[in-house]
Amino acid sequence: MNVIIYGIIVILLMLNIVLALLYLSVRRSPYYVVYDEETKNALKRRVLHLKEDLESELVDFDIAEWEKTLEESIEEEIKNL
């Protein structure tokens with residue numbers, strides 16, 4: 001009976017050590033990044049610029065032409081096999 005209790009105590013101590021190491025690891029290198037206001041604003045401007053570029057490209061995007069090009073390239077690949 002005492003062996004079982006000592007075994008449980010040893011396992012719990014090891015578990016506490018592992019959890020403490022994980023906690024310290026997370027505290028030293030957080031997974032989030034804090035930006036200053038200037039950097040945040042620059043990132044927001046960049047994202048908005050990329051969004052506008054993407055929206056303008058989507059307006060000019062022709063699905064029928066894309067499907068035709070895709071089919072042609074698939075047929076060409078099949079011929080090359």
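Every residue meeting the side chain to side chain contact (heavy atoms under 4.5 Å, CB included) condition with Leu70, not counting sequence neighbours, appears here in chain and number order: Trp66, Ser73, Ile74. Applying the side-chain hydrogen bond (donor to acceptor under 3.5 Å, both in side chains) criterion to Asn80, with sequence neighbours excluded, gives no partner residue. Scored by the side chain to side chain contact (heavy atoms under 4.5 Å, CB included) test, Ile63 finds Phe61, Glu67 as partners (sequence neighbours excluded). Residues satisfying the side-chain hydrogen bond (donor to acceptor under 3.5 Å, both in side chains) test with Asp36, not counting sequence neighbours, are Thr39.
Contacts classified as side-chain hydrogen bond (donor to acceptor under 3.5 Å, both in side chains) and involving residues 47-58 (residues at least two apart or in different chains) are given here: His49-Asp53.
The residue from Leu15, Val10, Ile9 that alone fulfils the side-chain contact (heavy atoms from CB on, under 4.5 Å) condition with Leu13 is Ile9.
Other members of the cluster containing Ile8 are Ile4, Leu12, with ILVMFWY side chains joined at under 4.5 Å, either directly or via other members.
Under a 4.0 Å N-O distance rule, the pair Glu65/Lys68 does not qualify as a salt bridge.
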